[in-house]
Undergrad: 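One structure follows; several queries about it will come next.
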Amino acid sequence: MLISKNKDKIKIGNFTFGEDLIVIAGPCAIESLEQMEAIAKMLVSRNIHFLRAAPYKPRTSPYSFQGLGKEGFEIIRKLKEIYPLHVVGEIVDLNDLAEYLALFDIIQVGARNMQNFELLKGLGKAKRPILLKRGFGNTVEEWLNAAEYIYKFGNKEVILCERGIRTFEPLTRNTLDLSSVGLVKGKCDLPVLCDPSHAAGRRDLIASLAFASVAAGADGLMIEVHNHPDAALSDAKQTIGFEEFDRILKVLKKMAMLFGKRF
Ligand code: PEP
Ligand code: MN
């Protein structure tokens with residue numbers, strides 16, 4: 001595999017994946033300019049530089065909130081003029097690639113699209129880091145093969161994100177497979193983040209899973225945070241508020257030191 005030979009580090013702004021503990025935080029979906037501004041302001045005041053911002057939501061039910069779509073692009077355009085944030089957004093259609101290249105610092109491929117090979121090939125030709133989530137029904141080998149697609153088509157900046165896999169346990173939405181972090185690191189040098197939010201599907205487990213992810217060797221986290229978590233239009237149950245986010249950041253600071261990462 002080509003990815004196993006790559007040693008180059010991915011750099012975005014002042015941050016180097018693998019050296020800095022990367023925290024990407026924000027709501028499940030872009031809902032309004034007011035919502036995004038409140039969250040962006042909070043992140044900047046906490047010295048967090050990566051904002052998650054999804055214009056499109058690939059939802060299981062067609063009746064669930066689908067995201068603001070192109071209206072979301074306008075909100076990101078306005079935010080980027082004011083806040084010094086690197087924005088991470090999920091792409092669902094290659095026809096939107098030009099917009100994503102104009103607005104997003106990292107382009108996300110969601111779990112449901114991990115094996116959308118035409119999407120992977122198209123992103124392979126793009127010059128932008130790709131955050132590739134693991135499919136909830138996919139093995140580590142399949143996940144790495146998906147990364148290989150992007151890589152083979154020319155884009156060497158692939159960031160992996162473990163977001164839990166489907167198991168027989170009904171009390172959580174998915175099971176966060178922390179062994180995958182070490183397995184991936186044994187096979188290649190691509191950075192691996194963990195997403196405790198989509199793994200747990202419930203707010204009360206986000207902190208413990210975030211800490212466990214860092215202890216397992218993850219290079220960072222993606223966490224769903226909202227100014228009014230109970231009112232979030234998607235994934236409210238797993239979305240934390242600012243207070244809980246602050247509590248997590250406090251512990252992460254200490255953990256980063258212990259695990260040799262800048263934070
Ligand atoms: C997301 O991060 O917005 C998302 C939909 O997650 P996943 O693709 O992991 O389900
Ligand atoms: Mn979500």
Side-chain angles (χ1 to χ4, degrees), residues 22-31 35-36 39 50-62 64-69 72 75-76 86-93 96 100 104-116 119-120 123 129-140 142-143 146-147 150 158-167 172-178 180-181 184 192-203 205-206 209-210 213 218 220-241 244-245:
I22 305 292
V23 174
I24 303 170
C28 181
I30 302 170
E31 297 170 8
Q35 167 232 24
M36 292 307 291
I39 297 166
F50 291 84
L51 170 71
R52 50 163 288 142
Y56 290 97
K57 295 308 303 172
R59 305 301 299 282
T60 301
S61 164
S64 303
F65 176 59
Q66 302 286 309
L68 293 184
I75 292 175
I76 297 304
H86 304 300
V87 185
V88 185
E90 177 171 353
I91 191 165
V92 294
D93 185 341
D96 292 329
Y100 276 80
F104 294 89
D105 301 278
I106 299 178
I107 301 177
Q108 178 173 327
V109 175
R112 288 156 192 80
N113 272 317
M114 191 207 86
Q115 286 189 314
N116 180 340
L119 183 64
L120 300 178
L123 295 174
I130 306 297
L131 181 91
L132 178 65
K133 289 195 138 192
R134 179 182 180 183
F136 44 75
N138 288 108
T139 64
V140 168
E142 288 165 341
W143 188 22
I150 299 169
V158 184
I159 301 153
L160 297 165
C161 181
E162 166 63 53
R163 48 77 75 210
I165 51 175
R166 187 169 281 177
T167 68
T172 50
R173 188 175 178 185
N174 294 278
T175 296
L176 185 61
D177 179 16
L178 286 178
S180 78
V181 177
V184 164
V192 191
L193 310 185
C194 286
D195 169 351
S197 306
H198 290 89
R202 45 189 289 168
R203 218 174 266 169
L205 297 183
I206 307 306
L209 291 180
S213 299
L221 296 159
M222 174 177 259
I223 301 178
E224 285 186 338
V225 183
H226 196 291
N227 48 333
H228 299 296
D230 286 325
L233 295 181
S234 53
D235 288 348
K237 281 199 192 117
Q238 69 198 34
T239 300
I240 59 169
E244 179 67 353
F245 186 58

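Just so you know, ligand 1 is whichever comes first in the structure, and atom 1 is the first atom listed for that ligand. Sequential numbering from 1 along the given sequence is applied to the chain's residues.
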Undergrad: Could I get the full list of ring pair (Phe, Tyr, Trp, His ring centres under 6.0 Å) partners for H86, not counting sequence neighbours?
TA: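 H86 satisfies ring pair (Phe, Tyr, Trp, His ring centres under 6.0 Å) with F50 only.
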
Undergrad: For the atom pair CD1 (I150) and CD1 (I107), what is the distance rounded to the nearest 0.5 Å?
TA: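 I150 atom CD1 to I107 atom CD1 measures 10.0 Å (nearest 0.5 Å).
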
Undergrad: Taking the Mn ion (ligand 2) as the center, what protein N, O or S atoms are found at less than 2.8 Å?
TA: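 Hits for the Mn ion (ligand 2) below 2.8 Å: C28 SG, H198 NE2, E224 OE2, D235 OD2.
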
Undergrad: For T172, what residues pass the side chain to side chain donor-acceptor pair (under 3.5 Å) criterion, not counting sequence neighbours?
TA: none

Undergrad: Taking the six-membered ring for Trp, are H226 and H228 parallel (under 30°), tilted (30 to 60°) or perpendicular (over 60°)?
TA: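 H226 and H228: tilted rings.
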
Undergrad: Measure and list all N/O to N/O distances between ligand 1 and the protein that fall under 3.5 angstrom.
TA:
from: ligand 1; atom 1: 2 (O); to: R52; atom 2: NH1; distance (Å): 2.7
from: ligand 1; atom 1: 2 (O); to: Q108; atom 2: NE2; distance (Å): 2.9
from: ligand 1; atom 1: 2 (O); to: K133; atom 2: NZ; distance (Å): 2.8
from: ligand 1; atom 1: 3 (O); to: R52; atom 2: NH1; distance (Å): 3.4
from: ligand 1; atom 1: 3 (O); to: R52; atom 2: NH2; distance (Å): 2.8
from: ligand 1; atom 1: 3 (O); to: K57; atom 2: NZ; distance (Å): 2.7
from: ligand 1; atom 1: 6 (O); to: K133; atom 2: NZ; distance (Å): 3.0
from: ligand 1; atom 1: 8 (O); to: A111; atom 2: N; distance (Å): 2.7
from: ligand 1; atom 1: 9 (O); to: K133; atom 2: NZ; distance (Å): 2.9
from: ligand 1; atom 1: 9 (O); to: R163; atom 2: NE; distance (Å): 2.6
from: ligand 1; atom 1: 10 (O); to: R112; atom 2: NH1; distance (Å): 2.9
from: ligand 1; atom 1: 10 (O); to: R163; atom 2: NH2; distance (Å): 2.8

Undergrad: Should the pair R134-D177 be classified as a salt bridge under the 4.0 Å nitrogen-to-oxygen rule?
TA: yes

Undergrad: What is the minimum heavy-atom distance between G135 and I165, and which atoms define it?
TA: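 Distance-wise, the nearest heavy atoms are O-CG2, 4.1 Å.
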
Undergrad: Please identify which of these residues, L209, L160, L221, I223, meets the side chain to side chain contact (heavy atoms under 4.5 Å, CB included) condition with C194.
TA: L221

Undergrad: Can you name the nearest heavy-atom pair linking I130 to I106, along with the distance?
TA: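 It is C-CG2, 4.3 Å.
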
Undergrad: Show the numbers, then the answer: is there a side-chain contact (heavy atoms from CB on, under 4.5 Å) between K133 and M114?
TA: CA-CA 7 Å; K133 289 195 138 192; M114 191 207 86; over 6 Å; no

